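These notes concern the structure reproduced below.
Throughout, protein chains are lettered first and strands after them, A, B, ... in sequence-line order, and every chain is numbered starting at 1. Since the structure is predicted, the reported quantities are computational estimates derived from the model, not experimental observations.
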There are 2 protein chains.
Amino acid sequence: MDQTFTALANAHRRTMLDILKAKPGLCVNDIAAHFDMSRVAVMKHLAVLEAAQLVVTERVGKEKHHYFNVIPIQQIYDRWTDQYSRFMASRLTAFKDQVEQQESDDEQSQQQKCS
Amino acid sequence: MDQTFTALANAHRRTMLDILKAKPGLCVNDIAAHFDMSRVAVMKHLAVLEAAQLVVTERVGKEKHHYFNVIPIQQIYDRWTDQYSRFMASRLTAFKDQVEQQESDDEQSQQQKCS
DNA sequence: TTTACATGTAACCTTTTAGTTACATGTAAA
DNA sequence: TTTACATGTAACTAAAAGGTTACATGTAAA
């Protein structure tokens, strides 16, 4: 989970996923052609994505093909919907009311006292 | 989007969101009590979460109450489901076949030639 | 068997991140 | 009006992130 978020936290890496999503099987040089960055820098980004299993590779001869792997994103999706979506649905309206009309100083039901 | 992922990339910060989800309105000291970390460090984490709008605050007297804001996560959820879910659904099986049985050397339909 | 070229690795630099301690500020309550 | 205490800020350090250049390795094809 940590590696997935870390990998997704970089805009270059998200763009690489978009590229590989559109064109599965690209090699490092192909990907590097899209960026104003050295090949080695691109390789490091791809290594981060591979460590997060967002990219998987296949070696064919001297070439290494890269593929976008959607499974970690699917897992995040599952986590959010499992862990948060009920909270979202039930809490969102109450939360907006609570924050946006912050002039209401009467005590809120779940609010904690600071220690 | 970038700030959201950056904020979520840190396990401490995700834990803080879990804490605030469970106990809305906690102050810095309350949150810091959960961590083996200084109050200032916790404040910096909360600042990152606040910059990403994953946490919103309300000042009451000398206390500052923190609330988990689910909206950026909802937006990520929307982005993944919008942009990726169709791709997921249609591509996942084909992708698994393509990678896992990597002995099939016959040309794959969308695979690119390396430059 | 050279040659070309895609990839791998090493060494290095700069900026950001994550944390610390010390001190300053502002408000609630004694 | 002191006092207590929650929060804010400044200055610093160590490690990680993101990038570079130079060189090494391995395989396909001439």
| field | Contacts of A/Gln3 that satisfy side-chain hydrogen bond (donor to acceptor under 3.5 Å, both in side chains) - sequence neighbours left out | value | none
When the distance from [atom1] of [X] to [atom2] of [N] is rounded to whole Å, what number comes out?
X	N	atom1	atom2	answer
A/Arg14	D/dG18	CZ	C1'	15 Å
A/Phe35	D/dG18	CZ	P	13 Å
B/Glu63	C/dA28	CD	P	9 Å
A/Gln3	D/dA16	CD	P	14 Å
B/His65	D/dA6	NE2	C1'	11 Å
A/Arg39	D/dG19	CZ	P	15 Å
B/His12	D/dA15	NE2	P	17 Å
A/Lys62	D/dA30	NZ	P	10 Å

| query | Among residues 42-52 of chain A, which residues get a heavy atom nearer than 4.0 Å to DNA chain D? | reply | A/Lys44, A/His45
| query | Relative to each other, are the rings of B/Phe5 and A/Phe5 parallel, tilted or perpendicular (30° and 60° limits)? | reply |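 The rings of B/Phe5 and A/Phe5 sit tilted, inter-plane angle from 30° to 60°.
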Please tell me if [X] has a side-chain N or O lying less than 4.0 Å from either OP1 or OP2 of [N].
X	N	result
B/Ser38	C/dG19	no
A/Lys64	C/dG8	yes
A/Asn10	D/dG18	yes
A/Asn29	C/dT7	yes

| note | Nearest heavy-atom approach of B/His12 to B/Phe35 is O-CZ, 3.8 Å
| said: Here's a test of your reading of the structure: between A/Thr6 and A/Val40, which maps to the more 5' nucleotide of DNA chain D? | reply: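 Nearer the 5' end of the strand: A/Thr6.
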| message | Side chains of A/Gln75 and A/Thr4 only: does a donor on one sit below 3.5 Å from an acceptor on the other? | response | no
| task | Drop me the distance from A/Leu46's CG to A/Ile31's CD1, to the nearest 0.5 angstrom. | result |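 So the CG of A/Leu46 and the CD1 of A/Ile31 are separated by 4.5 Å.
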| query | Between CG of B/Asn10 and CG of A/Asp2, what distance do you get to the nearest 0.5 Å? | reply |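 The CG atom of A/Asp2 is 7.0 Å from CG of B/Asn10, to the nearest 0.5 Å.
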| Is A/Arg59 reaching over with its side chain to a backbone N or O of A/Gly61, donor-acceptor style, under 3.5 angstrom? | yes
| field | Partner of B/His66 by side chain to side chain contact (heavy atoms under 4.5 Å, CB included), out of B/Ile19, B/Val56, B/Leu49, B/Val28 | value | B/Val28
| said: Does A/Val70 form a side chain to side chain contact (heavy atoms under 4.5 Å, CB included) with A/Lys21? I'd like the steps, not just the answer. | reply: CA-CA 9 Å; A/Val70 77; A/Lys21 177 179 65 123; over 6 Å; no
| field | Which nucleotides of DNA chain C pair, in dot-bracket form (Watson-Crick or G-U under 3.5 Å, | meaning another strand) | value | ||||||||||||||||||||||||||||||
